[in-house]
Structure formats: structure tokens, C-alpha cells
Peer 1: 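Sharing a structure with you now.
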Amino acid sequence: FNINIRLKQDPGTRALGHGAVVWDSSVIFSKYMENNPKIFSHSELTGKKVLELGSGCGLAGLSFMIKGAEVVLTDLLPVTTVMTTPNAESVFSQVKSQGNGLTPIRPRVIPLDWSDREASQLIYSTIEPPSLIFDIIIMTDCVFSKALTSSIIETLREHSNSRTDIYCCYEIRDEEINDYFIEEMS
């Protein structure tokens with residue numbers, strides 16, 4: 001990416017749950033983007049609308065912003081307030097001030113509880129033109145609970161169509177949950 005970014009984390013807090021740290025899968029996905037420039041080039045991603053579910057500290061979504069995409073970062077309200085928004089503002093300012101020919105689009109940060117169908121509609125007003133459908137959806141380390149997996153699958157379906165690329169990067173912590181996710185997404 002030719003840019004060093006620093007993200008706020010707070011591994012000691014329990015109040016933010018899983019969203020307080022940058023998870024390995026987010027780092028791995030960002031490195032995957034960096035090492036696959038044909039797929040993730042600035043020219044390929046400029047103008048693409050990207051939704052990150054369960055953003056936490058925001059690394060994966062912000063990697064798309066650095067490459068020119070219009071990004072919507074989502075997580076639970078406490079996480080977006082304490083982690084996602086400050087990181088998004090910091091990285092956006094850093095990329096904008098460094099120049100390098102990059103003209104980033106300020107990422108939007110929206111609180112989103114996957115189990116709240118009405119809240120999912122708020123995303124509609126965050127992109128231009130208004131839409132619930134995204135070109136790319138990214139989620140890193142979001143498949144870990146069967147109860148949440150059903151909600152995240154509904155959220156993925158609601159915000160995608162046959163042309164949407166969905167990237168799911170996560171450590172398999174439970175084979176049964178992983179099998180359920182794969183079967184439901186098929």
C-alpha cells in the first residue's frame with residue numbers, strides 16, 4: 001500500500017467485545033489485497049461501493065478506502081463510537097495528506113446490529129446514489145456464533161446481488177458453525 005497506518009486498539013477492554021482489537025484475519029486479508037494488485041488495484045476499486053460488516057478497528061475496510069473505494073464501515077454502536085470512527089478519520093486524514101496521487105473518499109461509519117433488520121435500512125442513505133446493494137462486501141472474523149451467523153447471512157443477502165463480490169476471511173473456531181455458514185451461503 002506504500003503507507004504505514006496506525007490503528008487505535010484497546011485489548012484490555014471488555015466493554016467493546018470483539019471489536020477492540022485488529023484480528024489476524026483482517027491483517028491477512030489486507031496483505032492478500034496488497035499481494036494481489038491486479039484484483040485490488042486502485043483503478044479496479046475506484047468507484048466501487050464496499051460494505052464492511054463487523055469492522056471493529058476497520059483495517060480491512062480502510063484498505064479498500066486506500067485503494068479508492070467508497071467504503072461503509074459497520075459494527076455495534078459502542079465499537080463504532082470508540083474504535084471505528086476514530087480510526088477511519090485518522091487513516092482518511094493520513095491518506096489525504098500524503099497525496100501520492102490518491103484522492104480517498106471519506107469512509108462512512110454506521111452502527112449496525114446484524115439482528116436488527118430495520119437498522120440495516122440505514123445503510124441505504126449512506127451511499128450515492130442510495131442503494132442497499134454493494135459491489136463488494138468484506139467481513140473478517142465474523143463467523144464464530146451460530147446465532148449471529150444466521151443474522152449475518154441475512155445481512156449479506158440484503159446488501160448483495162449476483163454481481164457482488166463477498167470476501168469472508170476468518171479463523172475456523174467451530175467446524176459446525178463453519179459448515180452451517182458455508183451451507184447457508186451456497
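As a basis for the values below, the full set of heavy atoms in this structure was taken, side chains included, without hydrogen atoms, waters or symmetry mates.
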Peer 1: Contact between Asp135 and Val50 at the side-chain level, heavy atoms closer than 4.5 Å - yes or no?
Peer 2: no
Peer 1: Within a radius of less than 6.0 Å around CG of Asn4, do more than 12 heavy atoms belonging to other residues, nucleotides or ligands occur?
Peer 2: no
Peer 1: Tell me whether Arg173 is salt-bridged to Asp141, with the criterion being a basic N under 4.0 Å from an acidic carboxylate O.
Peer 2: yes
Peer 1: Using side-chain heavy atoms (C-beta onward) and a distance below 4.5 Å, is Thr164 in contact with Lys49?
Peer 2: no
Peer 1: So, for Tyr170 and Phe29, is the gap between ring centers shorter than 6.0 Å?
Peer 2: no
Peer 1: In terms of heavy-atom contacts, does CG of Asp165 have more than 12 from other residues, nucleotides or ligands at under 6.0 Å?
Peer 2: yes
Peer 1: Looking at every non-hydrogen atom in both residues, tell me the closest pair between Cys169 and Ile28 and how far apart they are.
Peer 2: SG-CG2, 4.4 Å
Peer 1: Can you find a heavy atom in the side chain of Met65 that is under 4.5 Å from one in the side chain of Ile105?
Peer 2: no
Peer 1: So does Leu77 get a backbone contact from the side chain of Thr80, meaning a donor-acceptor N/O pair under 3.5 Å?
Peer 2: yes
Peer 1: Within the structure provided, determine whether Leu112 and Leu53 are in side-chain contact (heavy-atom separation under 4.5 Å).
Peer 2: yes
Peer 1: How about Glu89 and Arg106: do any of their side-chain heavy atoms sit closer than 4.5 Å?
Peer 2: yes
Peer 1: CZ/Phe134 to CG/Asn161 distance, rounded to the nearest 0.5 angstrom?
Peer 2: 11.5 Å
Peer 1: Apply the test salt bridge (charged side-chain N to carboxylate O under 4.0 Å, His left out) to residues Glu154 and Arg157: give CA-CA distance (whole Å), side-chain angles for both, the deciding distance (0.1 Å), then the verdict.
Peer 2: CA-CA 5 Å; Glu154 279 222 18; Arg157 288 181 176 150; over 6 Å; no
Peer 1: Let me check something: do Val95 and Ile138 share a hydrophobic cluster, defined by ILVMFWY side-chain heavy atoms less than 4.5 Å apart, either directly or through other members?
Peer 2: yes
Peer 1: With a 4.5 Å heavy-atom cut-off, do Pro107 and Leu62 have their side chains touching?
Peer 2: yes
Peer 1: Between the main-chain N or O of Pro78 and the side-chain N or O of Thr81, is there a donor-acceptor pair closer than 3.5 Å?
Peer 2: no
Peer 1: Can we say Lys67 and Glu44 salt-bridge, meaning some charged N sits less than 4.0 Å from an Asp/Glu carboxylate O?
Peer 2: no
Peer 1: Will you find, in the side chains of Ser63 and Ser30, an N or O donor that is under 3.5 Å from an N or O acceptor?
Peer 2: yes
Peer 1: With distance as the sole test, does Asn87 use its side chain to make a donor-acceptor pair with the main-chain N or O of Lys8 at under 3.5 Å?
Peer 2: yes
Peer 1: Given Glu52, which partner from the list Thr74, Val109, Thr140 fulfils the side chain to side chain contact (heavy atoms under 4.5 Å, CB included) test?
Peer 2: Thr140
Peer 1: Can you find a side-chain donor-acceptor pair between Asp75 and Ser55 that sits under 3.5 Å?
Peer 2: no
Peer 1: Does anything in residues 76-87 form a salt bridge (Lys or Arg N to Asp or Glu O under 4.0 Å)? List the pairs, not counting sequence neighbours.
Peer 2: none
Peer 1: In this structure, is the centre-to-centre distance between the rings of Tyr32 and Tyr167 below 6.0 Å?
Peer 2: no
Peer 1: Would Leu148 end up clustered with Val143 when hydrophobic side chains under 4.5 Å apart are linked, directly or stepwise?
Peer 2: yes
Peer 1: Which atom pair, heavy atoms only, marks the closest approach of Ser90 to Arg6?
Peer 2: OG-O, 4.5 Å
Peer 1: Between Glu158 and Ile133, what is the shortest heavy-atom contact and its length?
Peer 2: O-CD1, 3.7 Å
Peer 1: What is the minimum heavy-atom distance between Gln9 and Val22, and which atoms define it?
Peer 2: OE1-N, 2.8 Å
Peer 1: What heavy-atom pair brings Lys146 and Ile177 nearest, and what distance separates the two atoms?
Peer 2: N-CD1, 3.6 Å
Peer 1: A side-chain contact here means heavy atoms from C-beta on lying under 4.5 Å apart; do Ile66 and Phe64 qualify?
Peer 2: no
Peer 1: Could you check if a side-chain atom of Leu73 sits within less than 4.5 angstrom of a side-chain atom of Ile110, using non-hydrogen atoms only?
Peer 2: no
Peer 1: With sequence neighbours excluded, tell me which residues meet ring-ring contact (aromatic ring centres under 6.0 Å, His included) with Tyr180.
Peer 2: none
Peer 1: Under 3.5 Å, side chain of Trp23 to main-chain N/O of Gly56, donor-acceptor pair present?
Peer 2: no
Peer 1: Is Glu70 salt-bridged to Arg108, going by a charged N under 4.0 Å from an acidic O?
Peer 2: yes
